[in-house]
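Note that the coordinates shown come from a computational prediction; the quantities given were computed from them, not determined experimentally. Chain letters run A, B, ... following the sequence lines, proteins first, then strands; residues in each count from 1.
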There are 2 protein chains.
Amino acid sequence: MNDRYREPGQASGQTSLADIAAEAGVSVSTVSRIANGDLGRASAATVAKVQRLIAERGYRPNPIGRSLRGGDSRLVAMLAPNLDNPAMAAIAASTEAALRAAGYVMILCDTHDRPDLQDEYLRAMRSRFAEGFIVVSAVASPELEASLDRREPIVFVNRRNPYGGGPFIGIDNRQAGADAADHLLACGVRAPAVIHPTELSSTIRERVEGFLDRLEERRPGLTVRRYDGPGDNHLDCGYAASRRMAADGGWPDGVLCPSDLMAYGLFRAAGEQGVRIPDDCLPVGIDDNDLNDWIAPWLSSIKIPYRRFGDAIVTSLRDLRAGGSVGEVLLPHQLIRRRSGGETIEN
Amino acid sequence: MNDRYREPGQASGQTSLADIAAEAGVSVSTVSRIANGDLGRASAATVAKVQRLIAERGYRPNPIGRSLRGGDSRLVAMLAPNLDNPAMAAIAASTEAALRAAGYVMILCDTHDRPDLQDEYLRAMRSRFAEGFIVVSAVASPELEASLDRREPIVFVNRRNPYGGGPFIGIDNRQAGADAADHLLACGVRAPAVIHPTELSSTIRERVEGFLDRLEERRPGLTVRRYDGPGDNHLDCGYAASRRMAADGGWPDGVLCPSDLMAYGLFRAAGEQGVRIPDDCLPVGIDDNDLNDWIAPWLSSIKIPYRRFGDAIVTSLRDLRAGGSVGEVLLPHQLIRRRSGGETIEN
DNA sequence: ACAGTTAAGGCAAACGTTTGCCATGTTCAA
DNA sequence: TTGAACATGGCAAACGTTTGCCTTAACTGT
């Protein structure tokens with residue numbers, strides 16, 4: 001192509017089985033077996049010689065050759081919508097670490113929540129011999145359905161399999177909504193409201209339902225104001241919904257924001273209208289973004305242990321590949337109470 | 001392995017050249033050539049037949065086979081420290097999009113700023129035939145040096161090549177520091193201070209130097225208080241440095257925080273001590289996190305156009321692989337002024 | 001009619017692995 | 001002494017692709 005910059009790892013690069021074999025005066029098969037720990041198939045002398053050469057030349061098996069042969073590729077694809085969302089970044093970071101610890105390499109694909117991109121990535125990764133898929137906030141798409149039909153190992157995170165079944169990692173969203181309701185009532189909120197995106201995912205729906213059901217249970221007959229907002233991301237949704245809410249009947253004394261980003265949208269709208277948060281209006285979020293402790297001391301939020309998702313995901317993926325039947329893993333959430341001053345009180 | 005879950009893309013999966021060839025009654029070579037657009041090597045009838053079959057069976061060339069052969073892998077590795085940092089997430093997201101648009105797939109590796117992990121990933125990616133590397137905030141490491149020696153295509157982002165030279169995407173950090181100084185002076189700050197991490201990267205050093213130099217130029221003889229803070233991340237550094245600053249001589253009327261995260265750390269320390277931000281102490285950040293507009297209306301910050309990094313990175317990578325000599329790309333930054341009320345005034 | 005050209009397409013090697021099977025040679029028991 | 005078992009290790013196919021070179025047949029010009 002050009003002589004200034006070489007392809008990395010190309011022919012002249014890495015030492016291959018053949019190089020070692022030639023130098024040791026044995027066949028590639030023998031070297032391969034020794035490299036893979038099958039030491040009983042060669043004499044002690046041969047094993048020693050080959051092992052020495054492997055160490056000396058820094059031989060590392062080429063994953064490409066391996067995958068082609070049909071062995072494992074040690075590649076796992078993670079499909080996530082929009083990395084800009086700090087929650088996604090947290091999941092990605094913890095999954096990456098867990099996979100690396102298990103000897104895998106993660107390919108991260110940003111699907112922008114679009115079914116067509118999700119499909120494109122599923123195809124691309126399949127033909128790259130990805131050994132498994134982690135789909136965060138999956139959307140229904142033809143290729144996803146096809147993958148499920150082929151019984152490919154797929155772990156769903158955050159949002160359940162739109163076609164039902166399959167392993168799932170997340171929290172008990174209904175319970176989280178109920179906990180949020182309890183929190184608002186405990187803080188003396190009389191007329192709570194709820195905002196949510198116009199387009200409801202199953203995750204958000206469950207949180208809102210859990211919230212409403214718990215309120216109905218504890219305050220029968222109480223009407224809960226409910227506003228939705230349009231937008232690509234939860235920041236915009238939260239902002240738009242809050243403005244609708246303010247225009248419709250003024251600010252309530254408490255609001256469930258089913259994601260922290262929506263709470264940030266509410267915060268902005270409140271600031272613009274001179275409404276003091278949390279004194280005039282007490283929001284409760286779900287996610288508990290790491291930054292809350294630093295710059296959003298006004299936001300109590302239900303912490304989702306995204307840092308722990310990685311391990312759970314890798315465990316599920318392994319069980320799946322081992323043929324075990326894998327169900328849902330619901331990790332524990334926890335309300336983090338914050339007061340405006342910035343002190344955090346964990347219960 | 002087991003019959004419940006299959007490897008995706010394995011033998012029984014994707015249609016291969018051989019499948020098409022068998023069905024069309026021609027050789028693999030012919031199909032390969034037609035699939036790659038070399039239409040002059042077969043009769044019109046053959047071309048039509050093969051093209052029809054390719055479309056019908058949904059044939060897509062297997063990238064593994066291609067890479068192995070020595071062709072291109074369309075794989076690019078991005079090594080980033082700590083995805084938790086919103087700035088890194090923004091760079092990763094925009095790069096992913098730009099690479100996908102250019103037909104590449106990005107592998108994202110979290111190096112945690114550790115030289116040994118950076119090395120491990122460089123090796124792993126090289127043997128997977130990555131066509132190029134994007135190293136964000138590179139640290140010096142043996143394998144990086146080796147990669148440079150082999151003239152592999154590496155683009156450095158955010159932090160310059162620790163061994164010097166090579167293409168770089170970033171901003172003019174000295175100028176950004178100077179702009180921050182101008183801003184503080186314009187806001188009437190009399191005795192500005194600066195906080196920074198104890199471990200100085202070249203990026204942060206440049207920002208701080210630009211700040212101090214500009215102050216010396218405009219206010220000769222002015223002594224600028226300077227505090228560093230330990231910690232793994234800039235949040236902790238900023239917090240620790242701020243507390244040191246407060247303990248040492250009280251809060252200044254203005255502070256340069258060479259990253260937004262450090263400003264968040266300062267904000268928390270100020271909140272704990274009852275210091276009002278920005279009224280008592282005016283911070284200026286560098287980065288301009290997207291969330292500032294929503295929940296940090298008190299923070300004026302120098303916006304780094306992370307969203308535009310992706311395109312610049314891909315362009316550099318292409319030029320590099322085409323053999324062109326690629327230098328530094330400094331993208332324009334811009335001060336975003338915010339007032340406590342939340343309104344944004346861009347200049 | 002014959003050499004030369006062109007069209008059409010197949011052969012086979014190469015990339016790096018893994019693995020079932022075969023080929024030696026040695027040892028051991030009956 | 002002869003068969004069996006075992007130790008040691010090589011052969012070759014297979015994965016999917018690309019490409020230099022070869023073959024065959026038809027066509028062209030003289």
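- Taking CG from Leu108(B) and CG from Leu83(B), the interatomic distance works out to 5.0 Å, rounded to the nearest 0.5 Å.
- At a cut-off of 3.5 Å, with distance as the only test, no side-chain donor of Ser32(A) or Ser29(A) sits close to an acceptor on the other residue.
- For the pair Leu39(B) CG and dA7(C) P, the computed distance is 14 Å after rounding to whole Å.
- The CD atom of Gln14(A) sits 18 Å away from the C1' atom of dA14(C) (whole-angstrom rounding).
- Leu68(A) places its CG atom 15 Å from the C1' atom of dT19(C), with the value rounded to the nearest Å.
- Contact annotation: Ser43(B) reaches the phosphate of dG9(C) (side-chain N/O to OP1 or OP2, under 4.0 Å).
- Rounding to whole angstrom units, CG of residue Asp19(A) and P of dT17(C) are separated by 9 Å.
- Across the protein-nucleic acid pair, Ile64(A) atom CD1 and dA14(C) atom C1' stand 15 Å apart, rounded to whole Å.
- By the ring pair (Phe, Tyr, Trp, His ring centres under 6.0 Å) test, Tyr306(B) is found to be paired with Phe309(B), residues two or more places apart in sequence or in another chain being considered.
- The separation between Arg60(B) atom CZ and dG16(D) atom P is 16 Å, rounded to whole Å.
- In this structure, the side chain of Glu96(A) engages the main chain of Asp110(B) through a donor-acceptor pair within 3.5 Å.
- Atom CG of Asp38(A) is separated from atom P of dT19(C) by 10 Å (rounded to the nearest Å).
- Counting only residues at least two apart or on different chains, no side chain to side chain donor-acceptor pair (under 3.5 Å) pair has a member in residues 311-320 of chain A.
- Straight-line distance from the CG atom of Asn36(B) to the C1' atom of dT19(D): 11 Å, rounded to whole Å.
- A distance-only check finds a donor-acceptor pair linking the side chain of Arg321(A) to the backbone of Glu131(A) [under 3.5 Å].
- No contact: Pro63(A) has no heavy atom under 4.0 Å from any strand.
- Across residues 26-35 of chain B, Val26(B), Ser27(B), Ser29(B), Thr30(B), Arg33(B) each have a non-hydrogen atom less than 4.0 Å from an atom of DNA chain C (numbered order).
- Contacts of Arg41(A) with the nucleic acid, taken as non-hydrogen atoms under 4.0 Å apart, include base atoms.
- Among the heavy atoms of the strands lying under 4.0 Å from Leu17(B) is at least one base atom, whether or not backbone atoms are also near.
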